[in-house]
Amino acid sequence: MDTGDGPLFHIEFATTDYGLRAWATGANGTLDTTLAYWRTIAEEVRRVQPKGLLVVDDMEGEPPPPGQLLEFVQAMQGQGMEAVRIAYVERHAEQIPQVEFAGLLANEHGFDARVFADETAAALWLRYGER
């Protein structure tokens with residue numbers, strides 16, 4: 001996604017044996033940016049229809065504040081993400097607790113999502129983990 005000031009984020013997609021890998025880079029920090037990049041991912045999920053999705057978040061900046069995480073999860077309902085198992089890798093370890101809270105909210109709202117600090121563990125869960 002581009003703005004007049006340059007790109008906010010870039011997502012590189014690759015198909016894998018477990019489904020689809022999305023590598024997100026750029027700058028985050030707002031609910032609008034988070035929704036925009038997840039909607040881009042959801043569009044690719046609807047197009048490819050993978051069994052699993054691994055999202056590697058390599059973006060700079062903070063995730064949306066806890067008060068906006070429920071709004072984010074609710075906005076993603078009906079985007080086609082409920083049909084796919086989602087492994088989310090947060091590359092910034094200090095943000096994992098906040099991202100795990102979003103994962104809990106997502107699971108409460110019909111998504112099958114789990115947060116990881118390590119991409120290898122995330123891929124193993126997508127390949128072999130229990131539903």
Side-chain angles (χ1 to χ4, degrees):
M1 176 176 184
D2 290 331
T3 66
D5 298 327
L8 289 175
F9 64 85
H10 174 76
I11 301 174
E12 190 174 303
F13 293 103
T15 55
T16 68
D17 63 327
Y18 54 75
L20 181 67
R21 180 183 186 268
W23 177 38
T25 57
N28 198 357
T30 68
L31 178 61
D32 288 341
T33 301
T34 300
L35 281 170
Y37 96 78
W38 275 97
R39 285 179 174 143
T40 300
I41 293 169
E43 185 177 311
E44 187 70 2
V45 164
R46 288 190 303 273
R47 188 181 76 74
V48 175
Q49 299 182 346
K51 63 179 179 173
L53 169 67
L54 191 148
V55 177
V56 179
D57 183 340
D58 224 347
M59 296 180 75
E60 297 302 319
E62 296 287 320
Q68 292 181 338
L69 293 176
L70 180 59
E71 185 180 345
F72 160 69
V73 169
Q74 290 173 332
M76 291 306 298
Q77 288 182 301
Q79 300 281 321
M81 301 292 278
E82 294 91 341
V84 65
R85 176 181 258 194
I86 304 165
Y88 181 87
V89 177
E90 175 55 64
R91 290 275 173 95
H92 303 285
E94 72 279 1
Q95 294 178 8
I96 288 176
Q98 194 169 340
V99 174
E100 284 179 333
F101 179 63
L104 290 171
L105 289 171
N107 287 323
E108 289 177 357
H109 286 81
F111 298 92
D112 184 9
R114 190 163 165 194
V115 175
F116 296 86
D118 173 76
E119 187 171 345
T120 301
L124 285 171
W125 180 72
L126 287 173
R127 286 184 188 107
Y128 308 112
E130 295 183 26
R131 264 207 170 276

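The side chain to side chain contact (heavy atoms under 4.5 Å, CB included) check on Glu119 picks up Arg21, Leu54, Val56, Val89, Arg91, with sequence neighbours excluded. By the salt bridge (Lys or Arg N to Asp or Glu O under 4.0 Å) test, Glu60 pairs with no residue at all, sequence neighbours left out. Partners of Tyr88 according to the ring pair (Phe, Tyr, Trp, His ring centres under 6.0 Å) rule, which considers only residues two or more places apart in sequence or in another chain, are Trp38.
At a threshold of 4.5 Å between non-hydrogen side-chain atoms, the residues Pro50 and Val45 count as touching. A 4.5 Å side-chain heavy-atom check between Arg85 and Lys51 finds every atom pair outside the cut-off. Residues Thr34 and Pro63 are not in side-chain contact: their nearest non-hydrogen atoms beyond the backbone lie 4.5 Å or more apart. Counting heavy atoms from C-beta on, the side chains of Phe9 and Thr40 come closer than 4.5 Å.
For the pair His92 (side chain) and Met59 (backbone), a donor-acceptor distance under 3.5 Å is present. Here the side chain of Gln74 pairs no donor or acceptor atom with the backbone of His109 at under 3.5 angstrom.
Here the CG-CD1 distance, from Asp58 to Ile11, works out to 12.5 Å after rounding to the nearest 0.5 Å. Distance CD1/Ile86 to CG/Leu126: 9.5 Å, rounded to 0.5 Å. Here the CD-CG distance, from Glu108 to Leu70, works out to 9.0 Å after rounding to the nearest 0.5 Å. Here the CD atom belonging to Glu82 is positioned 4.0 Å from the CZ atom belonging to Phe111, to the nearest 0.5 angstrom. Here the CD-CZ distance, from Glu43 to Phe13, works out to 8.0 Å after rounding to the nearest 0.5 Å. Summarising the geometry, atom CD belonging to Glu100 is positioned 12.5 Å from atom CG belonging to Leu69; distances are rounded to the nearest 0.5 Å.
Between Met81 and Ala42, the closest heavy-atom pair is SD-CA, 3.6 Å. Taking both residues in full, the closest heavy atoms of Phe116 and Ala121 are given as CE2-O, 3.8 Å, listed atom of the first, atom of the second, then distance. For the residue pair Ala102 and Val73, the shortest heavy atom distance occurs at O-CG2, 3.9 Å. Taking all atoms of both residues into account, the shortest heavy-atom contact from Gly80 to Arg46 is CA-CG, 4.4 Å. Nearest heavy atom pair, residue Val84 against residue Leu53, reads CG2-N, 3.7 Å. Of all heavy-atom pairs between Val99 and Glu90, the closest is CG2-OE1, 3.6 Å.
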Please assess Glu62 against Asn28 for the test side chain to side chain contact (heavy atoms under 4.5 Å, CB included), listing each intermediate value before the final yes or no.
CA-CA 6 Å; Glu62 296 287 320; Asn28 198 357; over 6 Å; no

Item checked: Worked check of side chain to side chain contact (heavy atoms under 4.5 Å, CB included) between Met76 and Leu35 -> CA-CA 8 Å; Met76 291 306 298; Leu35 281 170; 4.3 Å; yes

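Side-chain contact annotation: Tyr37 with Asp57, donor-acceptor N/O pair under 3.5 Å present.
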